[in-house]
Protein chains: 2
Amino acid sequence: MNLRQDVHTAGIPVLCQACEARHRGVCGALDSDQLVALAKASSKQTIEPGAELVGDMETVDHYSNVLAGVVKLTKTLSDGRQQIVGLQFAPDFLGRPFKTESAVNAEAATNVSLCSFPKAAIERMMKQSPELENRLLRQTLKELDEARDWMLTLGRKTASEKVASFLLLIANHIDPTLDEGEEKVTFDLPLTRADIADFLGLTIETVSRQFTKLRADGVISIENNRHVTVARRERLEARAGR
Amino acid sequence: MNLRQDVHTAGIPVLCQACEARHRGVCGALDSDQLVALAKASSKQTIEPGAELVGDMETVDHYSNVLAGVVKLTKTLSDGRQQIVGLQFAPDFLGRPFKTESAVNAEAATNVSLCSFPKAAIERMMKQSPELENRLLRQTLKELDEARDWMLTLGRKTASEKVASFLLLIANHIDPTLDEGEEKVTFDLPLTRADIADFLGLTIETVSRQFTKLRADGVISIENNRHVTVARRERLEARAGR
DNA sequence: GGCGCCAATTGACCTGGATCAAGAACCAGA
DNA sequence: TCTGGTTCTTGATCCAGGTCAATTGGCGCC
């Protein structure tokens with residue numbers, strides 16, 4: 001985590017080396033001239049939980065890479081009902097090419113650090129570099145796959161399956177290296193109960209009750225409301241539905 | 001509709017002119033040499049409702065353009081619960097670049113006519129033509145926007161809001177020219193009640209009851225279970241939630 | 001026309017998750 | 001260490017939508 005910050009604060013135009021290392025950032029697609037140009041235009045910023053990054057219907061003038069933390073993408077009905085339609089983890093790209101207005105609200109769920117570029121700079125480079133466009137296409141396809149997976153969860157799973165699915169999703173994102181295998185996993189929840197409810201299409205009370213049930217059944221334990229230990233991942237997977 | 005078939009049966013390498021005319025097909029991105037090559041490799045096919053186009057987890061060896069009809073993309077849990085995660089209308093592109101296996105099931109909802117190409121041919125052209133990749137990126141972004149819109153519907157809307165949203169979605173797709181304005185609209189439902197239920201995350205009984213209610217309230221009328229007339233679109237919109 | 005089949009509707013009842021209302025735990029600041 | 005606000009949990013009740021069970025309607029076929 002500190003490594004990433006160093007890359008940026010050092011002021012050297014190796015911008016987004018960290019993103020590249022994780023194989024999904026957009027900057028690795030550029031040649032060194034382009035990188036220098038982009039480095040000049042880019043800026044790193046740190047954001048507090050709850051801060052709004054991009055307002056719904058707002059004109060967007062920059063794109064960003066998530067360097068650390070979790071960003072939630074939400075949609076809201078006029079009466080206040082809210083749904084989280086996506087979670088962006090490092091090193092995801094943030095922004096909607098080819099549209100000036102965002103259809104979603106982007107908000108920091110945890111402390112977030114971002115590297116952002118003016119919209120115009122990225123769009124200029126997209127025209128020059130097909131490789132950059134290719135990366136954006138891959139990331140977009142990945143997000144589409146994730147969105148469709150989640151539609152199955154939202155439309156057809158029960159509350160307890162939803163909560164189990166959510167925990168697995170977080171577990172897999174926090175440390176993708178131990179994806180398979182590893183029976184026991186530990187992580188901090190990046191979302192509050194209210195956020196989790198908005199992600200799952202449930203109420204906070206239902207989420208809380210499901211956590212209680214999982215605790216009672218010895219599947220997980222929770223300390224300080226955030227720090228989760230999954231005792232037996234296989235049992236969570238069984239509950240998540242296949 | 002017959003126009004499109006003529007383009008293909010005529011055997012002339014102006015393949016997918018029809019797609020191009022609708023501004024979203026992929027073929028317009030190619031130069032004439034490429035079009036000739038693609039025309040040789042492509043084949044037009046007509047498919048009956050209910051026929052499976054792409055099985056879940058199946059290896060995919062071709063991509064297609066939807067020329068007419070509606071294709072449903074579904075996901076299914078092991079116990080049979082099903083969710084429609086996308087509807088593809090003409091001239092949408094069908095296929096998942098950069099992956100050999102499909103994560104969804106594709107099935108004809110109505111009579112469908114397709115123009116399909118071998119995977120390899122498209123992928124070769126994608127490398128040559130950045131314009132083609134650009135079109136795929138735009139289509140994918142559009143699908144992502146639609147998926148996220150639908151997540152809000154699945155997670156947070158009531159049954160009656162869901163049904164109203166669905167009717168508007170179909171109405172807007174059937175004839176996009178009369179998008180705004182036009183108080184009265186008429187169209188054939190491309191989906192059965194069971195399909196609609198799977199799209200909305202409801203049961204057929206609930207869908208049916210909501211239709212009955214809309215009929216009783218004079219918002220719509222239905223003939224032969226498929227032919228829908230929306231009497232007052234504005235009232236539907238009010239019910240769909242904003 | 002009558003018959004069989006499947007899709008859609010309708011009704012009666014049940015239940016998972018929402019709602020409403022207290023508490024308990026957590027945490028920041030003094 | 002207390003104190004006040006926020007977040008989380010727990011309990012009691014309610015209701016939208018699911019489940020189960022007929023009935024009706026559309027349509028092709030004999």
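Below, all heavy atoms of this structure are taken into account, side chains as well, without hydrogens, waters or symmetry copies.
Between the CD1 atom of Ile204(A) and the P atom of dT7(D) there is a distance of 9 Å, given to the nearest Å. Here the C1' atom of nucleotide dC27(D) and the NE2 atom of His227(B) are 18 Å apart, to the nearest Å. When the P atom of dC6(C) is taken as reference, atom CG of Asn225(B) falls 16 Å away, rounded to whole Å. One interatomic measurement links the two molecules: CG of Leu191(A) to P of dT7(D), which rounds to 14 Å at whole-angstrom precision. At whole-Å resolution of the value, CD1 in Ile196(B) and P in dA8(C) are 8 Å apart. Atom-to-atom, CD1 of Ile222(A) to C1' of dC26(C) comes out at 14 Å; the value is rounded to the nearest Å. As a whole-Å value, the separation of Leu189(A) CG from dT7(D) P is 15 Å. Atom CD1 of Ile220(B) is separated from atom C1' of dT9(C) by 14 Å (rounded to the nearest Å).
Electrostatic pairing of Glu107(B) and Lys72(B) counts as a salt bridge here, judged by a charged N lying under 4.0 Å from a carboxylate O. For Asp145(B) and Lys99(A), the salt-bridge test passes: some basic side-chain N is under 4.0 Å from an acidic carboxylate O. Arg81(B) and Asp198(B) are not joined by a salt bridge, as no carboxylate oxygen comes within less than 4.0 angstrom of a charged side-chain nitrogen.
End-to-end axis angle of the helix from dG1(C)-dC30(D) to dA30(C)-dT1(D), from C1' rotation axes over five pairs per end: 30° (rounded to 10 degrees).
Comparing atom distances between the Ser208(B) side chain and each of dT10(C), dG17(D), dC27(C) picks out dT10(C) as nearest. Relative to the side chain of Phe211(B), the nucleotides dA8(C), dT9(C), dG17(D) differ in distance, and dT9(C) lies closest. If you check dA8(C), dT10(C), dT10(D) against the side chain of Thr212(B), the one that comes closest is dT10(C).
Other residues, nucleotides and ligands place no more than 12 heavy atoms under 6.0 Å from the CD atom of Glu48(B).
When atom types are taken as modelled, the side chain of Thr206(B) and the backbone of Leu202(B) share no donor-acceptor pair closer than 3.5 angstrom. Proximity of a side-chain donor or acceptor of Thr110(A) to a complementary backbone N or O of Val70(A) within less than 3.5 Å is detected.
Expressed to the nearest 0.5 Å, how far NZ of Lys157(A) lies from CG of Leu77(B) amounts to 6.0 Å.
An OP1 or OP2 oxygen of dT6(D) is reached within less than 4.0 angstrom by no side-chain nitrogen or oxygen of Arg193(A).
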Can you give me the N/O atom pairs linking the protein to nucleotides 18-20 of chain D at distances under 3.5 Å, or say none if there are none?
| from | atom 1 | to | atom 2 | distance (Å) |
| --- | --- | --- | --- | --- |
| dG18(D) | OP2 | Thr203(B) | OG1 | 3.2 |
| dG18(D) | OP2 | Thr206(B) | OG1 | 2.5 |
| dT19(D) | O4 | Arg209(B) | NH2 | 2.9 |
| dC20(D) | N4 | Glu205(B) | OE2 | 3.1 |

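Between Phe93(A) and Glu143(A), the closest heavy-atom pair is O-OE2, 4.1 Å.
Note on Arg215(B): only backbone sugar-phosphate atoms sit closer than 4.0 angstrom, heavy atoms only; bases stay farther off.
If Glu223(A) and Lys157(A) are placed on DNA chain C by their nearest nucleotide, the residue sitting closer to the 5' end is Lys157(A).
Partner of Asp217(A) under the salt bridge (charged side-chain N to carboxylate O under 4.0 Å, His left out) criterion, out of Arg235(A), Arg232(A), Arg239(A): Arg239(A) alone.
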